[in-house]
Colleague: 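This is the structure I want to talk about, given as structure tokens.
Sequence lines set the chain letters: A, B, ... in the order given, protein chains first and strands last, and positions in each chain run from 1. Note that this is a predicted model, so its numbers are computed, not measured. The figures that follow rest on heavy atoms only: side chains count, while hydrogens, waters and symmetry mates do not.
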Amino acid sequence: MLKLWLPDGSSRTAESGISGKELIAGLDPSLKKEVICLKVDGELKDLSTLLPADAEVSLVRRSDPEAIEVLRHSAAHIMAQAVKRLFPEAKLAIGPAIENGFYYDFDLPRPLPPEDLAVIEEEMKRIIKEDYPFIRQLVPKEEALARLRAAGEKFKEELVSELEDGEISFYQQGEFTDLCRGPHLPSTRYLQAFKLTSIAGAYWRGDSSREMLQRIYGTAFFSREELDAYFKLLEEAARRDHRKLGRELDLFSTDDQIGAGLILWHPKGGRVRQVIEDFWRDEHRKNGYELVFTPHLGRSQLWETSGHLGFYRENMYSGMEVEGQEYLIKPMNCPFHIAIYKSRSRSYRELPFRWAELGTVYRYERSGVLHGLLRVRGFTQDDAHIFCRPDQMPEEIDRVLAFCLKILRAFGFKEFKLYLATRPEKSVGAEERWAAATEALRTAIEKTGLPYEVDEGGGAFYGPKIDLKIKDALGREWQCSTIQFDFNEPERFELTYKGADSQDHQPYMIHRALLGSLERFFGILVENYEGAFPLWLAPVQAVVLPVLPANLEYAGELYDWLRASGIRAELDSRNEKIGYRIREAQMQKVPYMLVVGSKEAESGQVAVRTRKEGDLGVWSREELLARMEKEIAEKS
RNA sequence: GCCAGCGUAGCUCAAUCGGCAGAGCAGCUGAUUUGUAAUCAGCAGGUUAUCGGUUCAAGUCCGAUCGCUGGCUCCA
């Protein structure tokens with residue numbers, strides 16, 4: 001006998017030795033239709049599985065989180081079957097479910113143009129209509145290898161050869177059989193709402209020295225509505241694309257003649273950046289940081305000492321020779337901050353040092369990875385380095401993490417996820433230091449009460465780190481902040497401070513960036529706000545609109561008064577109708593539109609219209625300014 | 001860097017089989033005197049990314065370079 005758990009939490013007993021299909025036969029028909037597969041003693045199984053005795057079985061319904069993965073994985077198989085029908089000589093690689101869909105990698109006789117997606121979709125629809133059951137087969141490893149070799153499936157063969165001896169499972173649907181762990185949908189007809197989305201190159205096993213395969217991406221849902229909603233979300237993301245908004249709102253650009261990945265900040269983007277920087281500097285001063293400034297170049301010897309020429313050279317631009325000395329453009333600020341530390345001897349009494357810099361660095365990124373503001377070759381990090389004693393270290397970590405959250409929250413981000421990356425196999429530094437630092441990071445994370453994951457072995461070779469991801473208005477995650485220990489550079493530069501015991505000690509060194517880079521962070525902000533910046537960040541906070549040229553004098557007076565009050569105001573006195581100018585200001589996402597006609601000029605008032613609420617009627621100037629100042633102070 | 005797709009006016013896009021490069025918006029000039037999301041007219045705007053090739057003829061076909069897009073690898 002086995003125990004069957006129903007979704008409502010109740011349980012009943014059932015015979016063992018029957019299949020899942022038979023098991024659910026007696027259930028409520030509406031529930032029966034919902035069941036995709038089973039969980040037997042916590043493991044996902046096909047509905048056709050013969051159930052063992054004494055098992056605990058629960059039903060996996062369409063709405064359960066595991067079900068969508070089963071659906072998508074089966075969709076990948078159906079796509080592979082379709083591709084095999086169209087290209088019998090295709091070689092199969094892997095085809096998993098992923099976050100928003102699925103993919104399958106193939107080695108194909110010719111490159112697929114995008115038009116082929118529709119052809120493959122048609123074939124998939126045929127397979128779905130033919131309604132093949134997914135049939136699981138168990139084959140001994142040797143036989144599986146022989147079978148795959150005979151079929152010329154070299155990628156699959158490689159995968160099986162690395163599995164442990166024993167039974168290997170295959171799944172068959174119609175004429176198509178594929179190596180697979182499963183489970184799958186009961187039959188192909190269960191796939192109703194799907195779409196193939198793109199074709200891309202992908203290295204076999206993600207290794208750039210191996211074959212380039214063709215990857216077909218698609219997505220699938222249980223209902224048409226969910227599929228449509230997904231594409232709506234993609235459209236929404238396209239509307240928010242910072243590259244599009246950057247052009248439309250005149251925030252930034254790039255120029256072929258200047259080079260890829262090099263950003264031109266236009267005046268309006270520059271205003272936003274200035275506000276961000278001013279806020280950042282103020283907060284750093286309040287939080288015990290000193291601001292430093294360092295050059296863009298340094299002699300190659302510096303990078304030799306720091307070790308960057310060893311482990312970072314492929315990301316650095318080639319050097320330039322000046323009077324027989326080689327200079328390199330900086331990809332990081334740390335060696336310069338270290339040089340400040342080393343400019344004189346340091347005492348334990350002085351520590352900690354918290355030195356921050358908006359340091360512009362240049363990194364050679366391979367051309368294929370560049371993307372708008374989010375991945376560039378020249379960028380300004382909101383960098384800082386903390387040098388402290390071991391006894392200060394835990395508190396410094398606490399402080400820096402709390403500070404980080406405070407800054408990010410000011411920009412309207414509310415959801416965070418933290419990742420603690422621990423010591424990788426290949427690394428430098430004393431074991432005690434790694435242990436103490438990792439512990440301090442973990443404790444600091446736990447104090448925040450925020451969700452986190454441990455990325456075992458995911459740290460840099462020189463130290464453990466915390467990466468912090470923010471969630472934007474569309475629920476997308478972005479990594480900005482990072483807090484990293486460095487056990488490498490203090491050693492290489494022989495950093496010391498004189499302790500109370502008159503001995504030399506090595507300080508802890510912590511790298512940290514809160515916003516990450518100003519370019520990237522600005523890009524994320526543009527997408528998060530869809531270009532409609534809150535008042536404190538808006539490049540143009542208010543535009544003054546005289547109704548008639550006769551009102552220009554009063555409009556100019558209001559404009560001057562706003563500017564004098566610290567508001568980023570503009571005056572639009574163009575010879576256009578008021579509706580035209582309002583439309584333009586609205587499309588430029590200006591928060592306040594201030595209409596002044598003869599009535600306002602006489603009374604010394606202003607007709608206020610906001611981007612969000614529309615016409616608010618006639619206000620006194622003081623009321624308007626009070627409202628704006630409050631909104632700016634609240635960063636709302 | 002690799003795979004695939006792409007590059008026409010500031011922007012969005014036309015241009016049939018290789019046969020005179022075109023429109024809307026933006027810009028400029030003029031008229032209009034305007035009250036909460038587009039007033040009208042005229043003008044100007046191009047070495048079709050760049051360089052080379054095939055052809056009587058190239059935006060269109062071929063090659064190289066630069067750049068962009070989506071992925072892969074890598075990452076703030």
Colleague: Suppose you measure atom P in B:U47 against the same atom in B:U60; what distance do you get, rounded to whole Å?
Modeller: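 About 15 Å, rounded to a whole number of Å.
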Colleague: Before accepting this row, confirm whether a basic side-chain N of the pair A:Lys195/A:Glu121 lies closer than 4.0 Å to the acidic partner's carboxylate O.
Modeller: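 Yes, charged N to carboxylate O under 4.0 Å.
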Colleague: Please determine if A:Arg409 and A:Glu283 form a salt bridge, counting it only when a charged side-chain N lies under 4.0 Å from a carboxylate O.
Modeller: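 Not counted as a salt bridge, because no side-chain N and carboxylate O are separated by less than 4.0 Å.
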Colleague: Please tell me which of A:Gln214 and A:Arg609 maps to the more 5' nucleotide of RNA chain B, matching each residue to the nucleotide holding its nearest heavy atom.
Modeller: A:Gln214
Colleague: If we call it a pair only when both distances are under 3.5 Å in a Watson-Crick or G-U wobble match, what pairs with B:A44?
Modeller: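 By the stated definition (distances under 3.5 Å), nothing pairs with B:A44.
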Colleague: Assess A:Lys91 against A:Phe106: is NZ or CZ under 6.0 Å from the centre of the six-membered ring, and within 45 degrees of the ring's axis?
Modeller: no
Colleague: If you measure from the P atom in B:U16 to the same atom in B:C72, how many Å do you get, rounded?
Modeller: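 Result for the P pair: 36 Å, nearest Å.
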Colleague: Think A:Arg215 forms a cation-pi with A:Tyr103, using NZ or CZ under 6.0 Å from the six-ring centre and within 45 degrees of its axis?
Modeller: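 Yes, a cation-pi geometry holds between A:Arg215 and A:Tyr103.
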Colleague: Inspect the contact between A:Asp572 and A:Arg574 and indicate whether a charged nitrogen and a carboxylate oxygen are less than 4.0 angstrom apart.
Modeller: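 Salt bridge: yes.
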Colleague: Taking atom P in both B:G30 and B:C66, what distance in whole Å separates the two?
Modeller: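 It works out to 46 Å between them.
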Colleague: For B:U34, give the paired nucleotide (Watson-Crick: N1-N3 plus N6-O4 or O6-N4; G-U: N1-O2 and O6-N3; both under 3.5 Å), or none.
Modeller: none
Colleague: Could you measure between the two P atoms, the one in B:U36 and the one in B:C28, and give it in whole Å?
Modeller: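 So the two P atoms sit 25 Å from each other.
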Colleague: Specify whether A:Phe252 and A:Phe522 have parallel, tilted or perpendicular ring planes, treating 30° as the upper limit for parallel and 60° as the lower limit for perpendicular.
Modeller: perpendicular
Colleague: What's the gap between B:U48 and B:A9 when it is taken at their P atoms, as a whole Å value?
Modeller: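 Here B:U48 and B:A9 have their P atoms 10 Å from each other.
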Colleague: Who does B:G70 pair with, Watson-Crick or G-U, both distances under 3.5 Å?
Modeller: B:C3
Colleague: Is A:Glu357 salt-bridged to A:Arg512, cutoff N-O under 4.0 Å?
Modeller: no
Colleague: Partners of A:Trp478 by ring pair (Phe, Tyr, Trp, His ring centres under 6.0 Å), sequence neighbours excluded?
Modeller: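 Checked A:Trp478 against ring pair (Phe, Tyr, Trp, His ring centres under 6.0 Å); zero matches.
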Colleague: Hey, is A:Glu235 close enough to A:Lys232 for a salt bridge, meaning N to O under 4.0 Å?
Modeller: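 Looking at A:Lys232 together with A:Glu235, the answer is no, because their closest N to O distance does not fall below 4.0 Å.
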Colleague: Restricting both atoms to N or O, compile the protein contacts to nucleotides 43-48 of chain B shorter than 3.5 Å, with distance only.
Modeller:
none

Colleague: Reckon A:Ala585 touches a base, only the sugar-phosphate, or nothing at all at heavy-atom distances under 4.0 Å?
Modeller: nothing
Colleague: State whether A:Asp455 and A:Lys465 are salt-bridged, where the test is any N-O pair (Lys NZ or Arg NE/NH1/NH2 against Asp/Glu carboxylate O) under 4.0 Å.
Modeller: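 The answer is no: the pair does not qualify as a salt bridge.
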Colleague: Using the C1' atom as the reference point in each nucleotide, state the distance between B:C56 and B:A49 in Å, no decimals.
Modeller: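 Looking at atom C1' only, B:C56 and B:A49 are 27 Å apart.
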Colleague: How many Å lie between CD on A:Glu115 and P on B:A4, as a whole number?
Modeller: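 Checked: the CD to P distance equals 14 Å.
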Colleague: Is a salt bridge present between A:Arg205 and A:Glu158, judged by a nitrogen-to-oxygen distance below 4.0 Å?
Modeller: yes
Colleague: How long is the line joining CD1 of A:Ile216 and C1' of B:G5, in whole Å?
Modeller: 15 Å
Colleague: Which base, if any, makes a Watson-Crick or G-U wobble pair with B:U8, both distances under 3.5 Å?
Modeller: none
Colleague: Taking atom C1' of B:G35 as reference, at what distance in whole Å does atom CD1 of A:Ile578 sit?
Modeller: 7 Å
Colleague: What about A:Phe155 and A:Trp204, are their ring centers closer than 6.0 Å?
Modeller: yes
Colleague: Suppose we screen for salt bridge (Lys or Arg N to Asp or Glu O under 4.0 Å). Which residues come up paired with A:Lys244, at least two apart in sequence or across chains?
Modeller: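 Partners of A:Lys244 by the salt bridge (Lys or Arg N to Asp or Glu O under 4.0 Å) criterion, ordered by chain and then number, come out as A:Glu248.
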Colleague: Would you mind checking if A:Arg273 and A:Glu519 are paired as a salt bridge, meaning a charged N to carboxylate O distance below 4.0 Å?
Modeller: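 Yes, this pair counts.
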Colleague: What is the separation between atom CZ on A:Arg210 and atom C1' on B:C2, rounded to the nearest whole Å?
Modeller: 15 Å
Colleague: Report which part of the nucleic acid A:Glu600 touches: base, sugar-phosphate, or nothing (heavy-atom distance under 4.0 Å, all strands).
Modeller: base
Colleague: Summarise protein proximity over nucleotides 61-76 of chain B in one line of letters, 5' to 3': B for base, S for sugar-phosphate only, - for none, counting protein heavy atoms closer than 4.0 Å.
Modeller: ------SSSBBBBBBB
Colleague: Are A:Lys469 and A:Glu453 within salt-bridge range, i.e. N to O under 4.0 Å?
Modeller: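 Between A:Glu453 and A:Lys469 there is no salt bridge, as every charged N stays at least 4.0 Å from the carboxylate O atoms.
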Colleague: Produce the list of close N/O pairs, under 3.5 Å, pairing protein atoms with atoms of nucleotides 23-31 of chain B; give distances to one decimal.
Modeller:
residue, atom, partner, partner atom, Å
B:A26, OP1, A:Tyr580, OH, 3.2

Colleague: Report the distance from atom CD of A:Glu613 to atom C1' of B:A37, rounded to the nearest whole Å.
Modeller: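 In whole Å, B:A37 C1' lies 17 Å from A:Glu613 CD.
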Colleague: Under a plain distance cut-off of 3.5 Å, with no hydrogens placed, do A:Glu631 and A:Tyr592 share a side-chain donor-acceptor pair?
Modeller: yes
Colleague: What is the separation between atom CD on A:Gln257 and atom P on B:U50, rounded to the nearest whole Å?
Modeller: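 Rounded to the whole Å, the gap is 11 Å.
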Colleague: What integer number of Å spans the C1' atoms of B:G27 and B:G45?
Modeller: 9 Å
Colleague: Please report the distance, rounded to the nearest Å, between CD in A:Glu602 and C1' in B:G35.
Modeller: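 Computing the A:Glu602:CD to B:G35:C1' distance gives 14 Å.
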Colleague: Would you measure the distance from the C1' atom in B:G1 across to the matching atom in B:U65 and give it in whole Å?
Modeller: 16 Å
Colleague: Report the base-pairing partner of B:G52 (Watson-Crick or G-U wobble, both distances below 3.5 angstrom), or none.
Modeller: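 With both distances under 3.5 Å, B:G52 matches B:C62.
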Colleague: Hunt down the Watson-Crick or G-U wobble partner of B:G18, both distances under 3.5 Å, from any strand shown, or write none.
Modeller: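 Pairing partner, where one exists within any strand: none, as none qualifies.
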Colleague: Enumerate the residues from residues 542-551 of chain A whose closest heavy atom to RNA chain B is under 4.0 Å, giving them by residue number; use none for an empty result.
Modeller: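 Within this stretch, A:Val547, A:Leu548, A:Pro549 sit under 4.0 Å of the strand.
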